[in-house]
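Report on the structure given below.
Chain A is the first sequence line, chain B the second, and so forth, proteins listed ahead of strands; every chain is numbered from 1. Note that these values count all heavy atoms, side chains included, but never hydrogens, waters or copies made by symmetry.
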Protein chains: 2
Amino acid sequence: MAKPNELREKGLRLTPQRELVLQAVRQLGHATPEEVAEKVRATQPGINLSTVYRNLETLENVGLVLHTHLGHGGATYHAAEELTHLHLVCSECQSIGDAPIETAANFVNTLSDDYGFKTDVTHFAIYGLCSKCSNKSSK
Amino acid sequence: MAKPNELREKGLRLTPQRELVLQAVRQLGHATPEEVAEKVRATQPGINLSTVYRNLETLENVGLVLHTHLGHGGATYHAAEELTHLHLVCSECQSIGDAPIETAANFVNTLSDDYGFKTDVTHFAIYGLCSKCSNKSSK
DNA sequence: GCTTTTCTGCAAAAGGGTTGCAAGAAGTAT
DNA sequence: ATACTTCTTGCAACCCTTTTGCAGAAAAGC
């Protein structure tokens, strides 16, 4: 999953921990550092949380992973190549829905045209009520 | 600024601390709990941070204040009646710009029509590069 | 004023993330 | 293969923000 070369090419050393962190992020989709650590521990039980944090940061610096803010708590990490959708986070059931980035295209363009603001719509959650919960509460 | 009755009407007791917290939120615009505490301390030096937290929560429960997530750190609080704008947060200079909620109207409608998702666009920041910083970095 | 109930301050703790340091591995040159 | 340099790791301590338990203080109601 994590090819040896892609890390070396970025000037990073190839350590088992680093490879496993990258692999975990790719497999998990959106994962908190804690979840990444847990996944990695399946292979490397001894890995330390701070190593996970440091590697996530390192991998983010070289552009292999990205983080987004989905809720009140901490960040969640994605493989950079998979961050192609909006996150629709439900305030009630905490579910995370996806929508294509294009959904926001007009909005992003308006902000750019009117305010010169270049929006990254994936970095923060789109917050609200999912269809299930909004049906439930209107009944 | 905080009328005695509006707290009583919500079933809350009228304490100096509570009034001052509400007043501070109204005066500050977007404020972190820490900033609210600091503001309150001008009048009531001894107020405890936990009292501020508890009052913010209480005031939010009765709908007088709201919180939003503007960045990597904690929440910021607003008077409920003033939360009528989007927050355009710059990833580089950390500035917080405003844009009217209507800017997002089409986007919100699309999410509602296509996904049944009822978006609250004010609860999370709109993240990106402000015009200043995007000019700077393209030069 | 007296009683009940809610609030406040304090101290401790929880949660999430970071940092200094010494030991250990990766890469590089010999 | 070996020695050397540099980067990483694990560990423990720590920081910052927020939450909680509790006893005493203050509101609201009588």
(message) If I take atom CD in residue A:Gln44 and atom C1' in nucleotide D:dT9, what distance separates them, rounded to the nearest angstrom?
(response) 10 Å

(request) Report the distance from atom CG of A:Asn55 to atom P of D:dC7, rounded to the nearest whole Å. (result) 15 Å

(request) Sort out for me which residue in A:Arg18, A:Glu60, A:Gln17 forms a side chain to side chain donor-acceptor pair (under 3.5 Å) with A:Asn55. (result) A:Arg18

(request) For each nucleotide in nucleotides 12-17 of chain D, reading 5' to 3', give B when a protein heavy atom comes within less than 4.0 Å of its base, S when such contact involves only the sugar-phosphate, and - otherwise. (result) -----S

(request) Calculate the interatomic distance between A:Tyr77 atom OH and C:dG16 atom C1'; express it in whole Å. (result) 12 Å

(message) Just verifying a value: how many Å separate A:Glu35 CD and A:Thr32 OG1, rounded to the nearest 0.5 Å?
(response) 3.5 Å

(request) Summarise protein proximity over nucleotides 21-30 of chain C in one line of letters, 5' to 3': B for base, S for sugar-phosphate only, - for none, counting protein heavy atoms closer than 4.0 Å. (result) ----BBS---

(message) I need the CZ-C1' distance between A:Arg18 and D:dG10, as an integer number of Å.
(response) 15 Å

(request) Can you spot which of B:His67, B:His78, B:His69 makes a ring-ring contact (aromatic ring centres under 6.0 Å, His included) with B:His87? (result) B:His78

(request) Give one of base, sugar-phosphate or nothing for A:Ile47, where a contact means two heavy atoms less than 4.0 Å apart. (result) sugar-phosphate

(request) Classify the angle between the aromatic ring planes of B:His30 and B:His85 as parallel (below 30°), tilted (30 to 60°) or perpendicular (above 60°). (result) perpendicular

(request) In whole angstrom, give the distance that lies between atom CG of B:Leu20 and atom P of C:dG9. (result) 11 Å

(request) Could you check how far CD of B:Glu19 sits from C1' of D:dA26, rounded to whole Å? (result) 14 Å

(request) Compare every heavy atom of A:Val121 with every heavy atom of A:Ile126, then report the nearest pair and how far apart it is. (result) CD1-O, 4.5 Å

(message) Distance check needed: C:dC7 P versus B:Asn61 CG, whole Å only.
(response) 11 Å

(request) Provide the closest heavy-atom pair for B:Leu49 versus B:Pro33 in the form atom of the first, atom of the second, distance. (result) CD2-O, 4.3 Å

(request) Determine: side-chain N/O of B:Gln17 to OP1/OP2 of D:dA26, distance under 4.0 Å, yes or no. (result) no

